[in-house]
There are 2 protein chains.
Amino acid sequence: MGKQVTEMLKGTLEGIVLAILSGRAAYGYEITAWLRDQGFSDIAEGTVYALLVRIEQRGLVDVEKVPSEKGPPRKVYSLNAQGREYLEEFWRTWSFLSERLEQLREGGE
Amino acid sequence: MGKQVTEMLKGTLEGIVLAILSGRAAYGYEITAWLRDQGFSDIAEGTVYALLVRIEQRGLVDVEKVPSEKGPPRKVYSLNAQGREYLEEFWRTWSFLSERLEQLREGGE
DNA sequence: TACTGGTACATAGTGACACCGAATACCGGT
DNA sequence: ACCGGTATTCGGTGTCACTATGTACCAGTA
């Protein structure tokens, strides 16, 4: 993709991952694959893992190590109460930004 | 505001400013004031000026120095052809991201 | 005159984050 | 023994918004 997406993902990718985890628990490799599926064609794997480490350190998720049949053990993340709260704030922030931009798009043509 | 907005603005603030300039020419101080008006309560002035320097160097805008009655001369920016093209790509990128997020918001509750 | 405050721009340093590249580890199939 | 898919980690890079500060111009006022 372009540099535009890269920059725009800053801040939003975190929300995206948290939103995914709010639906169901998941692990890094799975999340990366899902994102690619959704059109984020070249999200770097390293990016997702780094993000997961960050949100874990901030206490937004719980982690459980689960053995895999096909490779090394998975680190399965699930959103906890604090994470849910943070995600709600994310949606509020997103709405705010989204509304301004939608307004600009209509007005500015 | 919070850190969430700060991160989310990366990449989008540029688009916002370009969108403003697509409607009418403007200068830094004016843009900053407008943004504050729109609810971006603590956009730093320095941020806007740095952004304007960047988009000027990338050739997305034309600049004209206009004397002011109230202070030092203004640097009035206007979107040129290349800028318009870049803005269109910005909107495409934004739409992509926006759609994924809206989808997530509905599915994830 | 000196001082204050609004207008207007510039810039050095900081922190956060997505990216790249490479490495490690486990396993099944050929 | 080797390759490819699964799964995680980590060091280094570039970009961007923020902070803080400084410069400059002008009007009003004490």
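The figures here come from the full heavy-atom set of this structure, side chains too, leaving out hydrogens, waters and symmetry mates. Proteins come first, then strands; the chains are lettered A, B, ... in the order of their sequence lines, and each starts at number 1. Note that this is a predicted model, so its numbers are computed, not measured.
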Arg74(A) meets the side-chain hydrogen bond (donor to acceptor under 3.5 Å, both in side chains) criterion, sequence neighbours left out, with Tyr27(A)
Calculate the interatomic distance between Gln4(A) atom CD and dG14(D) atom C1'; express it in whole Å.
17 Å
Glu102(A): which residues meet the salt bridge (Lys or Arg N to Asp or Glu O under 4.0 Å) condition with it, sequence neighbours left out?
Arg105(A)
Go through the structure and list residues passing side chain to side chain contact (heavy atoms under 4.5 Å, CB included) with Ala25(A), not counting sequence neighbours.
Val76(A), Ser78(A)
Measure the distance from NZ on Lys65(A) to C1' on dA25(C) and round it to the nearest whole Å.
12 Å
Atom-to-atom span, CG of Leu52(B) to P of dA17(D) - whole angstrom
11 Å
Between dC18(D) atom P and Leu35(B) atom CG, what is the distance in whole Å?
10 Å
Between the main-chain N or O of Ala19(A) and the side-chain N or O of Ser22(A), is there a donor-acceptor pair closer than 3.5 Å?
yes
Measure CD1/Ile55(B) against P/dA17(D) and give the value in whole Å, please.
11 Å
With sequence neighbours left out, what residues match Glu89(B) under side chain to side chain contact (heavy atoms under 4.5 Å, CB included)?
Gln4(A), Arg92(B)
Under the rule for side chain to side chain contact (heavy atoms under 4.5 Å, CB included), what residues qualify as partners of Glu7(B), not counting sequence neighbours?
Lys10(A), Lys10(B)
Only counting residues at least two apart or in another chain, list the ones meeting side chain to side chain contact (heavy atoms under 4.5 Å, CB included) with Arg24(B).
Ile20(B), Ala26(B), Glu30(B), Trp34(B)
At under 4.0 Å between heavy atoms, which parts of nucleotides 13-22 of chain C does protein reach? Answer with one letter per nucleotide, 5' to 3': B base, S sugar-phosphate only, - none.
--BBBSBS--
N/O contacts under 3.5 Å, protein versus nucleotides 4-8 of chain D?
from: dG5(D); atom 1: N2; to: Lys70(A); atom 2: O; distance (Å): 3.4
from: dT6(D); atom 1: OP2; to: Tyr29(A); atom 2: OH; distance (Å): 3.0
from: dA7(D); atom 1: OP1; to: Ser68(A); atom 2: OG; distance (Å): 2.9
from: dA7(D); atom 1: OP1; to: Arg74(A); atom 2: NE; distance (Å): 2.5
from: dA7(D); atom 1: OP1; to: Arg74(A); atom 2: NH2; distance (Å): 2.4
from: dA7(D); atom 1: OP2; to: Tyr27(A); atom 2: OH; distance (Å): 3.0
from: dT8(D); atom 1: OP1; to: Lys75(A); atom 2: N; distance (Å): 2.7
from: dT8(D); atom 1: OP2; to: Gly28(A); atom 2: N; distance (Å): 3.3
from: dT8(D); atom 1: OP2; to: Tyr29(A); atom 2: N; distance (Å): 2.8
from: dT8(D); atom 1: OP2; to: Tyr49(A); atom 2: OH; distance (Å): 2.8

Without placing hydrogens or testing angles, list every side-chain donor-acceptor pair under 3.5 Å for residues 50-62 of chain A, not counting sequence neighbours.
from: Arg58(A); atom 1: NH1; to: Glu14(A); atom 2: OE1; distance (Å): 3.3
from: Arg58(A); atom 1: NH1; to: Glu14(A); atom 2: OE2; distance (Å): 3.3
from: Arg58(A); atom 1: NH2; to: Glu14(A); atom 2: OE1; distance (Å): 3.2
from: Asp62(A); atom 1: OD1; to: Asn80(A); atom 2: ND2; distance (Å): 3.4

